[in-house]
Amino acid sequence: MTCYNLPTPISALLFDMDGTLYTHDEYLKSHIDGMIRRLGQVRGKSFETMRDAVEAYQDTWAREHGGRKCSLGNSLEAFGISVEESVRWREELIDPGAYIREDRELQKTLGILADTCALAVITNNPVLVAKKTLACLGVADYFPVIIGLDTCWVSKPHTAPFIKAAEMLSVPPAACVSIGDRYDIDLLLPLELGMGGILVSGVEDVYELPRLIHGDFSCNP
Ligand SMILES: [Mg+2]
């Protein structure tokens, strides 16, 4: 876990979903593979050919942007798939119930955090998928605000979802902390907006946040 520019006090925590509120590599891979398979069907290409093409695009994009990562959503747009179509595909293809189970440690963690902070989820999946995932984890009640791909109609990394979350929670950006597993996608732009950031390796790091937020734990880079 690495922390960046944490404010005092912290009034809101903006959580990424995938790889942050749960750790499940097989499920994550199923999202990506499912979307690429569908893109291949639309373009008349095999899964392997389409995957290689998307990865080549992402490698080129990274080289041209100082090594930063390009999200799948933004990669699909480069292949001519609109955000609206991407939302439909994701709603159809992604099935959290097949992979994600109740997480009592996460429930306990969020219960403690929610005592002092407002909580939001910001995800590049549609709100429907986010709601299903939170329900599977048993933590839906902790998140009054869910920002999905179909809220601002842009994929992270983009400032709009983070600004929208802060507005909906009625918390200034300088009192927000964005938490996620990918620096370029979840932290880079929030930090530019004046938010704090916490880079996690998975939900196991999220379990440590109450100790961090209550000041007896340091994770400065
Ligand atoms: Mg993530």
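Source: prediction; values computed, not measured. Counting starts at 1 for both ligands and their atoms, in listed order.
- Side chain to side chain, S82 and E77 fail the donor-acceptor criterion of an N or O pair below 3.5 Å.
- At a cut-off of 3.5 Å, with distance as the only test, no side-chain donor of N74 or Y57 sits close to an acceptor on the other residue.
- Counting only residues at least two apart or on different chains, the ring-ring contact (aromatic ring centres under 6.0 Å, His included) pairs with a member in residues 20-40 are Y22-Y27, H24-Y99, Y27-H31, Y27-Y99.
- Inter-residue side-chain proximity for P210 and T109 is flagged as met; some heavy-atom pair is nearer than 4.5 Å.
- Residues near V154 contribute nothing to a hydrophobic cluster around it, because no ILVMFWY side-chain heavy atom sits closer than 4.5 Å to its side chain.
- Pairs engaging residues 150-184 under the ring-ring contact (aromatic ring centres under 6.0 Å, His included) rule: Y4-Y183 [sequence neighbours left out].
- Around the Mg ion (ligand 1), the protein atoms of type N, O or S that sit closer than 2.8 Å are D16 OD2, D18 O, D181 OD1.
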